[in-house]
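Index from 1, following the sequence.
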Amino acid sequence: MRKLILQLALWITVGATFLACSSPTSEGRTSRIPETLTVSKEKLLDKIKGAWAGQVIGCTFGGPTEFRYQGTMIQDYVPIAWPDGYVKSCMTRSPGLYDDIYMDLTFVDVFERLGLDAPVDSFALAFATAGYSLWHANQSARYNILHGILPPASGHWLNNPHSDDIDYQIEADYAGIMSPGMPNTASGISDGIGHIMNYGDGWYGGVYVGAMYALAFVSSDVEFVVSEALKTIPEESPYRKCMADVIRWHSLYPGDWKQTWFECQRKWSQDIGCPEGVYAPYNIDAVINSAYILIGLLYGDGDFSRTIEIATRCGQDSDCNPASAGGILGAIRGYSQIPSYWLDNVKQVEDMNFAYTDISLNKTYEMSYRHALQVIRRNGGTENDSSVVIACQRPVPVRYEKGFEGHYPSGRIALNKSVTALDPVTFEGIGIVFRGNVRGGGSDYEAQVEMSIDGEPVENALLPVSYRTRRNELFWKYQLPKGKHTVTFRWLNPDDAVSVQFGEALIYNDAPLKTAHP
């Protein structure tokens, strides 16, 4: 109960001030969190600008390789281009690439319009009704919200098969940027907003990223920032154990990022939640992708080019990961210290609005700066005409939560039939997820389909044709009694112009599958 009260207080007040362990200081290469931090307003703005610019650079650089390298690193001989005018070209021709940015800006805009005490439902509604397309945990949350399942239930693993995915991890930058030196305040912000779409390890990805941004304002020591920020994650969580492994492997293999990458693949590359990643090399799980951010930061050792290059070459979500690494390092170094080779491309677009927004980078810099000053004042800091004094916080762990507890992939059934031709599906286990889609008909049509398990109706779902409002998976059910089950479906509002197509079913049981050959 005490932990619950603490977390509620963190969210209501957008964080509380936690005392740290040294005397007042200015930002630098420190191995301790100061009690207070005095920083000029010019420097504060420089770091905020560096955080946003670093994201844009990393996202653009890694865009062409996103999910083209699944379970394999991008070898050194594969060129990754950075021509002059590249960011402007991408923002003009491929504006959807910047979902890392415009997703953040959805939340930044709500803070701008409604203030620091904006209720979480306002963020959820803005997110769910926005014009952009979504995927994975974000899309599942959008569907849930539009059908009356509000946060935190919208991100809970029982309602969202993608709850361990990377989504909030790539959207949490704003929380740390507006909470300089205050990782617990960033965690409090992320408690409400991050549970819109994620839970467990998926939520921890955003908490950790937010904490790293917050501590990037305190120290220029990358190893200190990543290690200290990890204290916001409960020790028993697999997420924290993986990040601790990366930090340990970095100390064992300090000159060989590829060895650490191999160790991650060996121990942490399994995905049990995301239906698209189970039984596939595709992995959008927050754990392994956070590890790639960390590999980039640690082995980059403060060098901007090397940091985003390594984070990209780790593969999988190779635009989001260097965006996070580049943003965190951009906050550490500041906008003025990002090499012109990278920054010149960004300067060409700072007055261009991002897709689905009326917000440019220059507006983003200004809004985040205002929000940071508000958060500093609210959490015990002060300001004068030229500087601020930040009441710094020693990181404390957020509550422990784990999705898919006791559930292990145990098989899959190829279906490849429409609902009208689908025979009863029989399986043995404790959970099942049905992948598929709805095609044809008008864009406003929603197929109404009833799922029954063992003869009992368990859900009457609306399945939109519209891609923007689609249901990622047609149906799922976890925590069934262990044993044999039969699933049937009834289409309640059939339309000859529409096809409700079932692709495959993923089966879960209560123990890992072990294959034994004679």
Side-chain angles (χ1 to χ4, degrees), residues 11 51-52 54-56 58-59 62-63 66 96-112 118 120 122-142 144-145 151-152 154-155 160 162-179 186-214 229 232 239 274 284-287 289-290 293 317 319-328 330-331 354-357 359 361 364 367-368 371 398:
W11 171 243
W52 287 108
Q55 283 184 74
V56 172
C59 182
E66 181 186 18
L97 170 64
Y98 297 97
D99 56 341
D100 296 63
I101 311 297
Y102 58 68
M103 281 295 306
D104 280 67
L105 295 183
T106 297
F107 307 134
V108 171
D109 182 61
V110 173
F111 279 121
E112 181 73 5
V120 68
S122 295
F123 296 96
L125 186 63
F127 156 91
T129 58
Y132 43 69
S133 293
L134 294 170
W135 299 269
H136 295 276
N138 282 331
Q139 180 60 28
S140 293
R142 167 180 277 172
N144 285 340
I145 293 162
S154 56
N160 191 329
H162 298 266
S163 60
D164 274 347
D165 289 357
I166 198 176
D167 301 65
Y168 188 60
Q169 177 178 302
I170 73 172
E171 298 151 14
D173 314 74
Y174 75 94
I177 295 170
M178 69 189 291
S179 308
S187 296
I189 295 168
S190 289
D191 192 0
I193 298 176
H195 281 109
I196 292 173
M197 69 291 291
N198 283 103
Y199 181 85
D201 287 344
W203 177 51
Y204 292 150
V207 171
Y208 186 41
V209 164
M212 286 191 284
Y213 272 102
T232 60
Y239 183 95
C274 173
I284 199 169
D285 188 88
V287 172
N289 285 283
S290 281
I293 295 171
D317 203 337
D319 67 329
C320 296
N321 298 332
S324 297
I328 293 163
F354 288 97
Y356 309 104
T357 79
I359 303 172
L361 267 176
T364 301
M367 288 192 295
S368 283
H371 299 164
V398 298

Trainee: Just by modelled atom types, is the A130 backbone N or O under 3.5 Å from a matching donor or acceptor in the R142 side chain?
Mentor: yes
Trainee: State, without any angle test, whether S290 and Q169 hold a side-chain donor-acceptor pair at a distance under 3.5 Å.
Mentor: yes
Trainee: Indicate yes or no: at least one non-hydrogen side-chain atom of V209 is less than 4.5 angstrom from one of Y204.
Mentor: no
Trainee: Specify the closest pair of heavy atoms between D165 and A137, including all atoms of both residues, with the distance to one decimal.
Mentor: OD2-N, 4.3 Å
Trainee: Contact between F123 and I196 at the side-chain level, heavy atoms closer than 4.5 Å - yes or no?
Mentor: yes
Trainee: Would a distance-only check, ignoring hydrogens and angles, find a side-chain to backbone donor-acceptor pair under 3.5 Å from S122 to A118?
Mentor: no
Trainee: How many angstroms lie between atom OH of Y356 and atom OG of S133, to the nearest 0.5 angstrom?
Mentor: 5.5 Å
Trainee: A side-chain contact here means heavy atoms from C-beta on lying under 4.5 Å apart; do V207 and Y239 qualify?
Mentor: no
Trainee: Would you check if C274 and D285 make a side-chain contact, meaning some heavy-atom pair closer than 4.5 Å?
Mentor: no
Trainee: Below 4.5 Å, heavy atoms only, C-beta onward: do H162 and M197 meet side chain to side chain?
Mentor: no
Trainee: Sub-3.5 Å donor-acceptor pair from the side chain of D319 to the main-chain atoms of E66, do we have one?
Mentor: no
Trainee: Could you please spell out the steps behind the side-chain contact (heavy atoms from CB on, under 4.5 Å) verdict for N160 and Q139?
Mentor: CA-CA 9 Å; N160 191 329; Q139 180 60 28; over 6 Å; no
Trainee: Pair V108, W52 - check side-chain contact (heavy atoms from CB on, under 4.5 Å), show working.
Mentor: CA-CA 12 Å; V108 171; W52 287 108; 4.2 Å; yes
Trainee: Answer yes if the side chains of T106 and Y132 hold a donor-acceptor pair under 3.5 Å, and no otherwise.
Mentor: yes
Trainee: Tell me if a side-chain donor or acceptor on N289 pairs with a main-chain N or O of N321 at a distance below 3.5 Å.
Mentor: no
Trainee: Please confirm whether Y213 and Y174 have ring centers closer than 6.0 angstrom.
Mentor: no
Trainee: Kindly give the heavy-atom pair with the smallest separation between A172 and G206, and that separation in Å.
Mentor: CB-O, 3.3 Å
Trainee: Is there a side-chain contact between D164 and Y199 (heavy atoms, below 4.5 Å)?
Mentor: no
Trainee: Would you mind reporting whether S324 and Q55 have side-chain heavy atoms less than 4.5 Å apart?
Mentor: no
Trainee: Of the non-hydrogen atoms in A186 and G210, which two are nearest, and what is the gap between them?
Mentor: CB-O, 4.1 Å
Trainee: With distance as the sole test, does D201 use its side chain to make a donor-acceptor pair with the main-chain N or O of V287 at under 3.5 Å?
Mentor: no
Trainee: Tell me every residue that passes ring-ring contact (aromatic ring centres under 6.0 Å, His included) with H195, counting only those two or more places apart in sequence or in another chain.
Mentor: W203
Trainee: When you look at L134 and F127, which way does the side-chain contact (heavy atoms from CB on, under 4.5 Å) test go after all the steps?
Mentor: CA-CA 10 Å; L134 294 170; F127 156 91; 3.9 Å; yes
Trainee: Of the non-hydrogen atoms in A214 and S179, which two are nearest, and what is the gap between them?
Mentor: CB-O, 3.3 Å
Trainee: Is it the case that the side chains of N138 and D167 hold a donor-acceptor pair, with the cut-off being a distance below 3.5 Å and no angle test?
Mentor: yes
Trainee: Taking only residues at least two apart or on different chains, which pairs with a member in residues 99-109 satisfy salt bridge (Lys or Arg N to Asp or Glu O under 4.0 Å)?
Mentor: D109-R113
Trainee: Please report the shortest heavy-atom distance between G155 and S163, naming the atom on each side.
Mentor: O-CB, 3.3 Å
Trainee: Indicate yes or no: at least one non-hydrogen side-chain atom of H136 is less than 4.5 angstrom from one of I166.
Mentor: no
Trainee: Looking only at non-hydrogen atoms, find the nearest pair between G192 and V120 and report the distance.
Mentor: O-CG2, 3.2 Å
Trainee: Could you check I177, L105, T357, V56 and say which one makes a side-chain contact (heavy atoms from CB on, under 4.5 Å) with T364?
Mentor: L105
Trainee: Test side-chain contact (heavy atoms from CB on, under 4.5 Å) on M178 and I189 and set out the steps.
Mentor: CA-CA 10 Å; M178 69 189 291; I189 295 168; 3.9 Å; yes
